[in-house]
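Chain naming here is simple, since letters A, B, ... match the order of the sequence lines and numbering starts at 1 in each.
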There are 2 protein chains.
Amino acid sequence: MKPAFRLEDHLCFSIYSCSRAIQRMYQPALKKLGITYPQYLVLLVLWENRECSVKQIGALLDLDSGTLTPLLKRMEGKALLQRKRSQVDERMVTVRLTEKGAALKEKTVCIPETLIRSSRMTQAEMQNLNRTIKLLTQQVTQGQMK
Amino acid sequence: MKPAFRLEDHLCFSIYSCSRAIQRMYQPALKKLGITYPQYLVLLVLWENRECSVKQIGALLDLDSGTLTPLLKRMEGKALLQRKRSQVDERMVTVRLTEKGAALKEKTVCIPETLIRSSRMTQAEMQNLNRTIKLLTQQVTQGQMK
DNA sequence: GAAAATTAAATTGTGTACATTTAAATTGTG
DNA sequence: CACAATTTAAATGTACACAATTTAATTTTC
């Protein structure tokens, strides 16, 4: 007599659902800055190191060139960054923040704060959850054969 | 002297990243069944109640008709379900599992099991995580004004 | 050092997400 | 009963995700 395994018991769904809920919460603030959530993630990467290859960004965000190439072109169109083929290795495209892109940083401080505030969790609880989820991601990724 | 708030410290990113990792892990098994992850979620709903309006499915999965209408049409194309405008209220479209759609259920048992196995977490840990994430989603959703 | 293998982006095609608008049906109110 | 407000899907348009293929450049191997 196996108990029913309902939608709400599926961890995959609660994580999927939570991710979209957070993105919806962030959306108004991001819209004011004229960027989308994945574009915000790219900025987080570039604020840590002003210059990066597409490959490196992809490795950090787990996104491939099929997603990044058009996304970065849109960001270039908004003058947030520049794309330039590397002189050293012409296969590589180097992405580099512009002043405008760098300047956005200070305007985004409020964004993670909305999550911290609305979560009603302590800093320790959030760090704990973050650790747990990252570990789960790692296990899930290792579980793959590829 | 504020410490750096790096990409890896962002809970939003670890959740977003985890969700995509799980979907990638599920993908080979889902592909064998000829469905995508969001389509699998719709099936989870319909296995619980064979007949549903688009509205109800959307409420359960947090998806709007802009996402569901084409998705359900693709599933109808695969003969997994039928869409029919309700006689009672012609605004509503009633979605109903076909035999083929109902039959898929038994072939999906292995899917949540891959997550349970690869996570290397105890059942209690997973339930705990599920509760935490669902609570977070709820808080985040309430934090919205709308 | 040339052919083969590998690597990095870009391209193509399918399928979500979701904001916004439209259209049709139903409900609520005067 | 009429008509405004609401409700439900569908349609439209933009932006991811990602599998699969292509192209060009670099490495490896013989």
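Remark: B:Arg24 fails to qualify as a cation-pi partner of B:Tyr26 under the 6.0 Å distance and 45° angle criteria applied to the six-membered ring.
Note: CG (A:Leu61) to P (D:dC18) measures 11 Å, nearest angstrom. At whole-Å resolution of the value, CG in A:Asp89 and C1' in C:dT7 are 8 Å apart. Taking atom CG on A:Leu30 and atom C1' on D:dC16, their separation rounds to 14 Å, with Å as the unit. Taking atom CD of A:Gln27 as the reference point, atom P of D:dA15 lies 12 Å away to the nearest angstrom. The CD1 atom of A:Ile57 sits 12 Å away from the C1' atom of C:dA9 (whole-angstrom rounding). In this entry the distance linking CG of B:Leu68 with P of C:dC18 reads 10 Å, nearest Å. At whole-Å resolution of the value, CD in B:Gln39 and C1' in C:dA17 are 14 Å apart. Atoms CD (A:Gln87) and P (C:dA8) sit 18 Å apart, rounded to a whole Å.
Looking at which nucleotide of DNA chain D each of A:Asp64 and A:Tyr37 is closest to, the 5′-most match is held by A:Tyr37. The residue among A:Gln23 and B:Gly66 whose nearest nucleotide of DNA chain D is located toward the 5' end is B:Gly66. Residue-to-nucleotide proximity on DNA chain C shows that, of A:Met92 and B:Val88, the 5′-proximal contact is made by A:Met92.
Judged by distance alone, with hydrogens and angles left aside, the side-chain atoms of B:Asn49 form no donor-acceptor pair with the main-chain N or O of B:Glu51 at under 3.5 Å. Checking side-chain atoms of B:Thr94 against main-chain N and O of B:Arg85 turns up no donor-acceptor pair under 3.5 Å. Remark: the backbone N or O of B:Gly101 is paired with a side-chain donor or acceptor of B:Trp47 at under 3.5 angstrom.
Side chain of B:Arg83, nearest nucleotide from C:dA8, D:dC16, D:dA10: D:dA10. Considering only side-chain atoms of A:Lys55, the nucleotide from D:dT8, D:dC16, C:dA8 that sits closest is C:dA8. With D:dA9, D:dA24, C:dT16 as the choices, the nucleotide that has an atom nearest any side-chain atom of A:Arg91 turns out to be D:dA24.
Taking only side-chain nitrogens and oxygens, B:Tyr16 comes nearer than 4.0 Å to OP1 or OP2 of D:dA17. Under 4.0 angstrom from either OP1 or OP2 of C:dA9 there lies at least one side-chain N or O belonging to A:Ser53. Phosphate contact (OP1/OP2 of D:dA10, side-chain N/O of B:Arg85, threshold under 4.0 Å): present. In this model, the phosphate group of C:dC18 is approached by a side-chain N or O of A:Arg20 to a distance below 4.0 Å at OP1 or OP2. Using a 4.0 Å cut-off, no side-chain N or O of A:Gln56 falls inside it from OP1 or OP2 of C:dA8. For C:dT11, the OP1/OP2 oxygens have a side-chain nitrogen or oxygen of A:Lys73 closer than 4.0 Å. Phosphate proximity of C:dT20 to A:Lys31: present, with a side-chain N or O under 4.0 Å from OP1 or OP2. Close to D:dA17, at under 4.0 Å from its OP1 or OP2, lies no side-chain N or O of A:Thr67. OP1 or OP2 of D:dC16 has at least one side-chain nitrogen or oxygen of A:Arg74 nearer than 4.0 Å.
D:dT23 is paired with C:dA8 under the criterion used here, namely a Watson-Crick or G-U wobble arrangement in which both key atom distances are under 3.5 Å. When Watson-Crick and G-U wobble pairs are counted only if both distances are under 3.5 Å, C:dT29 pairs with D:dA2.
Contact between B:Lys134 and A:Glu8 at its shortest, heavy atoms only, is NZ-O, 3.0 Å. The two residues B:Met25 and B:Leu115 make their nearest non-hydrogen contact at CE-CA, 3.6 Å.
Side-chain atoms of A:Ser65 and base atoms of C:dA10 include a donor and an acceptor less than 3.5 Å apart.
At a threshold of 4.0 angstrom between heavy atoms, the contacts of A:Thr36 are confined to the sugar-phosphate backbone, with no base atom among them.
Atom CD of A:Gln82 is surrounded by 12 or fewer heavy atoms from other residues, nucleotides or ligands within 6.0 Å.
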